[in-house]
Amino acid sequence: PHLLTCPDYSLDAYSLARAKLVSGTVTEEMAIQQLALAWSAGNNADKAAWIQAVELERAEADERDRIAKEAEDALVAAKIQEQDDILKEDKKQNKAKYLPLTKGGWVALWHLTNEGVKHAISDPASLDTDKLDIIRDASGGMSLIPAGATKSSRAVIDDANLTWDEFMQAATRMLHHMQLKRWQDDRVEMFREFWSNLQLHRFRYSEDPVEQRALLLYQ
C-alpha cells in the first residue's frame, strides 16, 4: 500500500462515482476531493495493517530463531558435557595415558617408560601433587615436593642411563603427551626431529656401547 498513488478522480472513468456524490450542496469539485479523501483514509488503514503484519512476522521469526539457538546451545552444552564425562571416565580407566607433564619444569624420561608407567599405575599416590613431603636438599635447605616423588625417586633412572628401548618408549609417550597437552606444533616438531636425528646417527648402530651411551647422554 505504500507504493500506491491516489487515482485522479477527475477522469471520465470516475464520472459515475462523482455523480453519486454531487447534489445541490456538493459540487463536482467537492465530490472529487471527497473521493480522494476516502481513498487516502483507506490507504492509510492498509498501510497500518501492512506494518502490523510485517512486525508480527518479524517477531515470530525472531522467536523461532531464539528457540532454534537455545536448542543449538543446549545441544552443544550436552555434547561438551558428554565429552567431559567420557574424558573423566577415560582418565579413571587409563591412568597411564594421562601421566602429567610438569608445568614448565623438567621430568625424567623414566616416568614415561613402560616401567615408569607401571609404577604410576600401581602407586596412584605418585600422581597426587596435592600431598607434599619435606626434604633436605644438598645445601641443607628444606623444600616441599610431591609426596609420590620421594617414593618413585628410588626407582627413577637418569636419562643418560636409560637403555635405547627405554628411551624410545619415553620419547614416543612424551610426544603423545605434548600433543594431548596442546603444546605448540613447532615445539613438538622440534623434539620429534631431534629424537629422530638421534635414531639416525651413526653412533646409534655402533658396536661400541660407549658411543651409543654418548647419544643418550647428549639428548
Side-chain angles (χ1 to χ4, degrees), residues 1-105 107 112 120 124 127-130 146 171-196:
H2 292 77
L3 301 178
L4 298 178
T5 58
C6 182
D8 183 357
Y9 287 109
S10 66
L11 298 176
D12 290 341
Y14 300 101
S15 59
L16 182 59
R18 292 195 302 272
K20 290 181 178 181
L21 296 176
V22 173
S23 66
T25 57
V26 178
T27 65
E28 186 163 328
E29 184 62 31
M30 292 171 65
I32 292 174
Q33 292 178 358
Q34 288 180 11
L35 288 170
L37 287 173
W39 183 91
S40 294
N43 182 253
N44 287 336
D46 290 343
K47 287 179 181 178
W50 184 85
I51 292 174
Q52 185 177 11
V54 169
E55 290 178 347
L56 178 61
E57 183 178 351
R58 184 181 296 117
E60 290 175 345
D62 290 344
E63 180 64 10
R64 287 194 298 271
D65 290 344
R66 184 188 67 78
I67 293 174
K69 188 177 184 306
E70 284 185 354
E72 182 180 358
D73 290 346
L75 186 62
V76 171
K79 187 66 177 176
I80 292 175
Q81 184 60 51
E82 179 185 3
Q83 291 174 344
D84 286 345
D85 292 342
I86 291 175
L87 180 60
K88 288 178 182 178
E89 185 61 27
D90 193 44
K91 285 183 177 181
K92 291 180 182 178
Q93 300 297 327
N94 302 284
K95 294 179 181 178
K97 182 179 176 182
Y98 297 94
L99 284 173
L101 295 181
T102 56
K103 298 178 181 178
V107 59
L112 296 168
L127 299 179
D128 189 351
T129 57
D130 292 331
T172 301
R173 281 197 180 93
M174 177 71 84
L175 291 172
H176 174 66
H177 282 283
M178 285 176 177
Q179 292 174 326
L180 282 179
K181 299 298 182 182
R182 300 184 183 281
W183 280 39
Q184 294 179 4
D185 291 341
D186 60 336
R187 302 293 177 85
V188 178
E189 186 57 34
M190 178 185 70
F191 277 95
R192 180 182 287 110
E193 183 177 356
F194 174 64
W195 287 333
S196 295

### Query
Does the side chain of Trp195 reach to within under 4.5 Å of the side chain of Met174, using non-hydrogen atoms?
yes

### Close side-chain approach of Met30 and Leu21, heavy atoms under 4.5 Å
no

Not counting sequence neighbours, which residues clear side-chain contact (heavy atoms from CB on, under 4.5 Å) with [X]? List them please.
X	value
Thr25	Ser23
Asp85	Gln81
Gln83	Lys79

### Message
Using every non-hydrogen atom in the two residues, find where Val26 and Ala31 come nearest and quote the distance to one decimal.
### Response
CG1-N, 4.0 Å

#### Entry: Derivation and outcome, side-chain contact (heavy atoms from CB on, under 4.5 Å), residues His2 and Trp50
CA-CA 9 Å; His2 292 77; Trp50 184 85; 3.5 Å; yes

### Task
Look at Glu72 together with Lys69 and state whether they make a salt bridge at an N to O cut-off of under 4.0 Å.
no

### Donor-acceptor under 3.5 Å (Arg192 side chain, Leu175 main chain)
no

### Query
Is Arg173 reaching over with its side chain to a backbone N or O of Leu112, donor-acceptor style, under 3.5 angstrom?
yes

### Query
With Glu29, which residues qualify under salt bridge (Lys or Arg N to Asp or Glu O under 4.0 Å), at least two apart?
none

Can you give each donor-acceptor pair under 3.5 Å made by side-chain atoms of residues 38-49, sequence neighbours left out, with the distance rounded to 0.1 Å?
residue : atom : partner : partner atom : Å
Ser40   : OG   : Ala36   : O            : 3.1
Asn43   : ND2  : Pro1    : O            : 3.1
Asn44   : ND2  : Ser40   : O            : 3.2

### Full working for side-chain contact (heavy atoms from CB on, under 4.5 Å) between Val22 and Thr27
CA-CA 6 Å; Val22 173; Thr27 65; over 6 Å; no

Check residues 56-67 and write down every donor-acceptor pair under 3.5 Å in which the side-chain atom is one partner and the other belongs to a residue at least two apart or another chain.
residue : atom : partner : partner atom : Å
Glu63   : OE1  : Arg66   : NE           : 3.1
Glu63   : OE2  : Arg66   : NH2          : 2.5
Arg66   : NH1  : Glu70   : OE1          : 3.2
Arg66   : NH1  : Glu70   : OE2          : 2.6

### Task
Taking atom CG of Asp12 as the centre, report whether more than 12 heavy atoms of other residues, nucleotides or ligands fall under 6.0 Å from it.
no

### Message
Return the CZ to CG distance between Arg18 and Leu35, rounded to the nearest 0.5 Å.
### Response
8.0 Å

### Message
The test is side-chain contact (heavy atoms from CB on, under 4.5 Å); show your working for Thr172 and His176 and say whether it passes.
### Response
CA-CA 6 Å; Thr172 301; His176 174 66; 5.9 Å; no

